[in-house]
Enquirer: 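Following this message is one structure expressed as structure tokens.
Just so it is clear: chains get the letters A, B, ... in the order the sequence lines come, proteins before strands, and each one is counted from 1. Values reported hereafter were calculated over all heavy atoms of this structure, with side chains retained and with hydrogens, waters and symmetry mates removed.
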Protein chains: 2
Amino acid sequence: MPRNRRPRDREEKSEEIVAAAATLFTELGFDKTSLASVAEAAGVTTNTIYWYFASKEVLLVAVLNHMLTEALKDASEQDGTPLVDQLEWVVERLQQRSKLVTTVHALAATSSVVETWHDGFHAVTNEILAEGLRESGVPEDQIHPLTRLGVFAIEGLLMHPLPKAEQRAVLRLITDGSL
Amino acid sequence: MPRNRRPRDREEKSEEIVAAAATLFTELGFDKTSLASVAEAAGVTTNTIYWYFASKEVLLVAVLNHMLTEALKDASEQDGTPLVDQLEWVVERLQQRSKLVTTVHALAATSSVVETWHDGFHAVTNEILAEGLRESGVPEDQIHPLTRLGVFAIEGLLMHPLPKAEQRAVLRLITDGSL
DNA sequence: ACCTGAACACCGTTCAAGT
DNA sequence: ACCTGAACACCGTTCAAGT
């Protein structure tokens with residue numbers, strides 16, 4: 001018997017579940033997506049999901065990690081471009097996943113597993129933004145508050161979409177370090 | 001029979017339901033609060049809620065309107081104070097209701113009744129903030145983008161609480177109109 | 001007009017049972 | 001180790017029936 005086929009199957013199966021959940025969570029939102037519909041899309045029984053994931057929230061975290069890995073990979077293509085453009089790219093990408101963003105914020109207050117992921121996510125992304133500001137020549141003592149405000153601006157733009165020009169104006173407030 | 005007692009009763013009953021829902025939604029969050037628990041706290045049957053409110057989401061909007069009315073009343077006490085202090089007051093008040101804020105943002109994407117309320121809320125509050133900036137002597141052409149960024153900063157501070165001093169620093173970026 | 005009892009379809013989750 | 005059938009308690013919502 002192929003002893004070494006099992007782990008691969010397991011990976012594939014759970015990846016299919018994550019992929020199905022990612023699509024449905026993104027399109028319908030977390031609350032309006034039932035585990036039954038995720039199971040159907042992944043070609044398994046509802047209960048099977050519980051063999052791979054302890055709860056619906058743990059499945060959400062798996063989806064988020066999968067998306068983050070994907071995003072960090074894609075982000076490397078933006079390496080040479082100006083910081084404003086990079087921020088614009090991030091905003092557009094997150095806007096397509098805005099239902100996930102609001103879900104994370106809502107669940108972070110009541111679910112410790114989601115809260116932990118949320119904290120880790122911002123630890124990573126804050127560092128990336130701070131590095132970008134440093135490379136743009138922002139003086140060291142302004143990096144910290146500007147990073148703060150930058151994250152606020154990005155998340156604000158998700159909830160309250162602005163015309164392209166206005167959006168760029170807001171992002172430029174961050175990258176240029178002055179109003 | 002006192003014909004004119006009925007309308008008062010109706011008002012009282014629905015107010016009790018709203019009050020019970022307000023407390024539970026604030027403390028447990030919208031999703032984790034069942035209509036059964038709201039009914040119990042208000043001393044009615046679950047189905048009775050449906051006589052007064054078309055759905056759980058409509059009840060949420062009633063709660064939000066009740067809170068907004070209350071907030072605008074209390075806000076008038078802050079009239080003389082500097083704009084930074086007023087913003088700080090708003091942030092602190094919203095922080096105590098942060099679960100409601102995240103719920104509104106999450107539901108705005110899928111529920112038109114909540115989306116409508118959210119839009120109206122920002123129309124009102126944007127105008128108030130813009131007026132405050134005007135009175136602080138901010139030049140007219142900066143009012144618009146600063147109001148935008150101000151709302152983003154306030155909402156950002158709810159999701160990502162900062163030490164008092166840092167929070168004040170962020171708010172001052174808005175009221176002083178320069179980094 | 002106002003309220004209730006009883007039921008509806010659905011939900012996330014559990015578990016004993018199979019292979 | 002992996003998956004399923006069947007059941008659990010609970011959910012928002014509906015509606016015919018009462019007063």
Side-chain angles (χ1 to χ4, degrees), chain A residues 1-18 20-22 24-25 27-63 99 103-104 106-107 110-114, chain B residues 1-18 20-22 24-25 27-63 99 103-104 106-107 110-114:
Chain A
M1 286 297 101
R3 271 270 211 101
N4 58 349
R5 240 195 84 212
R6 277 282 162 205
R8 185 129 286 277
D9 276 1
R10 180 186 166 84
E11 244 174 68
E12 278 170 18
K13 206 76 174 196
S14 79
E15 265 169 30
E16 275 165 33
I17 295 171
V18 168
L24 289 166
F25 288 173
E27 283 171 9
L28 303 178
F30 180 76
D31 286 333
K32 305 217 164 171
T33 300
S34 68
L35 287 181
S37 67
V38 173
E40 196 192 356
V44 296
T45 300
T46 303
N47 306 342
T48 301
I49 295 179
Y50 281 89
W51 177 257
Y52 295 96
F53 306 97
S55 69
K56 195 183 181 186
E57 286 168 5
V58 169
L59 173 58
L60 172 65
V61 169
V63 167
K99 280 178 188 158
T103 292
V104 168
L107 286 183
T110 45
S111 159
S112 66
V113 58
V114 175
Chain B
M1 287 297 102
R3 272 270 210 102
N4 59 348
R5 242 195 83 215
R6 277 283 162 205
R8 186 126 287 276
D9 275 0
R10 180 186 167 83
E11 245 174 67
E12 277 170 18
K13 208 75 176 194
S14 79
E15 267 169 28
E16 274 165 32
I17 294 171
V18 168
L24 288 165
F25 288 174
E27 284 172 7
L28 304 178
F30 180 76
D31 286 332
K32 305 216 165 175
T33 299
S34 69
L35 287 181
S37 67
V38 173
E40 196 191 356
V44 297
T45 299
T46 302
N47 306 342
T48 301
I49 295 178
Y50 281 88
W51 178 257
Y52 294 97
F53 306 97
S55 68
K56 195 185 181 185
E57 286 169 4
V58 169
L59 173 58
L60 172 65
V61 169
V63 167
K99 280 178 187 159
T103 292
V104 168
L107 286 183
T110 45
S111 159
S112 67
V113 58
V114 174

Enquirer: Check the distance between C:dC3's C1' and B:E16's CD and give it to me in whole angstrom.
Expert: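 B:E16 atom CD is separated from C:dC3 atom C1' by 15 Å.
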Enquirer: Calculate the interatomic distance between B:E40 atom CD and C:dT4 atom C1'; express it in whole Å.
Expert: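 In whole Å, C:dT4 C1' and B:E40 CD are 16 Å from each other.
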Enquirer: Rounded to whole angstroms, how far apart are NZ on B:K13 and C1' on C:dT4?
Expert: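 Spelled out: NZ on B:K13 to C1' on C:dT4 is 12 Å.
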Enquirer: Considering only side-chain heavy atoms of A:Y52, which listed nucleotide, D:dG12, D:dC3, C:dT13, is closest?
Expert: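 Closest nucleotide among those given: D:dC3.
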Enquirer: Under 4.0 Å, heavy atoms only, any strand: does B:S37 hit a base, just the sugar-phosphate, or nothing?
Expert: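 Touches nothing.
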Enquirer: Just how far, in rounded Å, is P of D:dG12 from CZ of B:F53?
Expert: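 It works out to 15 Å between those atoms.
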Enquirer: Can you figure out which of D:dT4, C:dG12, D:dA1 approaches the side chain of A:W51 most closely?
Expert: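 Output: D:dA1.
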Enquirer: Check whether NZ of the Lys or CZ of the Arg B:K56 lies under 6.0 Å from the centre of the six-membered ring of B:F30 and within 45 degrees of that ring's axis.
Expert: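 Yes, a cation-pi geometry.
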Enquirer: How does DNA chain C look in dot-bracket notation if pairs are Watson-Crick or G-U with both distances under 3.5 Å, crossing ones as [ ], other-strand ones as |?
Expert: ||.|||||...|||||.||
Enquirer: If I take atom CD from residue B:E40 and atom OG1 from residue B:T46, how far apart are they, to the nearest 0.5 angstrom?
Expert: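 Here the rounded value is 9.0 Å.
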Enquirer: Enter the distance from B:Y52:OH to B:E15:CD here, rounded to the nearest 0.5 Å.
Expert: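 It is 11.0 Å, given to the nearest 0.5 Å.
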Enquirer: For D:dG12, does either OP1 or OP2 sit under 4.0 Å from a side-chain N or O belonging to B:T46?
Expert: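 False: B:T46 side-chain N/O out of range (4.0 Å or more) of D:dG12 OP1/OP2.
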Enquirer: Return the CG to CG distance between B:D31 and A:D31, rounded to the nearest 0.5 Å.
Expert: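 Spacing of CG (B:D31) from CG (A:D31) equals 4.5 Å.
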Enquirer: Let me confirm one number: the CG-OG distance from A:L107 to A:S112, rounded to the nearest 0.5 Å.
Expert: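 So the CG of A:L107 and the OG of A:S112 are separated by 11.0 Å.
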Enquirer: Give the residues of residues 54-62 of chain A touching DNA chain C, defined as any heavy atom closer than 4.0 Å, sorted by residue number.
Expert: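 Residues of residues 54-62 of chain A under 4.0 Å from DNA chain C: A:S55, A:K56.
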Enquirer: Measure the distance from NZ on B:K32 to P on D:dC10 and round it to the nearest whole Å.
Expert: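 The answer, rounded to whole Å, is 15 Å.
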Enquirer: Counting only side-chain heavy atoms from C-beta out, which of C:dC11, C:dT13, D:dC3 sits nearest to A:Y50?
Expert: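 For the A:Y50 side chain, the nearest candidate turns out to be C:dT13.
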Enquirer: Provide the closest heavy-atom pair for A:E27 versus A:K99 in the form atom of the first, atom of the second, distance.
Expert: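 Shortest heavy-atom separation between A:E27 and A:K99 comes out as O-NZ, 2.9 Å.
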Enquirer: Taking only the side-chain nitrogens and oxygens of B:S34, find out if one of them lies under 4.0 Å from OP1 or OP2 of D:dC10.
Expert: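 So the side chain of B:S34 is outside the cut-off, no N or O lying under 4.0 Å from OP1 or OP2 of D:dC10.
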Enquirer: B:S111: what forms a side-chain hydrogen bond (donor to acceptor under 3.5 Å, both in side chains) with it, not counting sequence neighbours?
Expert: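 Testing B:S111 for side-chain hydrogen bond (donor to acceptor under 3.5 Å, both in side chains), a comparison that skips the adjacent residues, returns B:E57.
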Enquirer: Mind listing the N/O atom pairs, protein and nucleotides 5-8 of chain C, below 3.5 Å?
Expert:
residue, atom, partner, partner atom, Å
C:dG5, N7, B:N47, ND2, 2.9
C:dG5, O6, B:N47, ND2, 2.3
C:dA6, N6, B:N47, OD1, 3.3
C:dA6, N6, B:N47, ND2, 2.9

Enquirer: For the pair made of CD in A:E12 and P in D:dC2, what is the distance, rounded to whole Å?
Expert: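 Rounded to the whole Å, the gap is 13 Å.
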Enquirer: Using side chain to side chain contact (heavy atoms under 4.5 Å, CB included) as the criterion, list what pairs up with B:F53, not counting sequence neighbours.
Expert: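 Once residues adjacent in sequence are excluded, the partners of B:F53 under the side chain to side chain contact (heavy atoms under 4.5 Å, CB included) criterion are B:S14, B:I17, B:V18, B:I49, B:V58, B:L59, B:A62.
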Enquirer: What's the CG-P distance between B:D31 and C:dC11, to the nearest Å?
Expert: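 So the two atoms are 15 Å apart, to the nearest Å.
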Enquirer: Identify, with sequence neighbours excluded, every residue that meets side chain to side chain contact (heavy atoms under 4.5 Å, CB included) alongside A:T33.
Expert: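 Scan of A:T33 (side chain to side chain contact (heavy atoms under 4.5 Å, CB included), adjacent residues dropped) gives A:L24, A:F25, A:L28, A:S37, A:V38.
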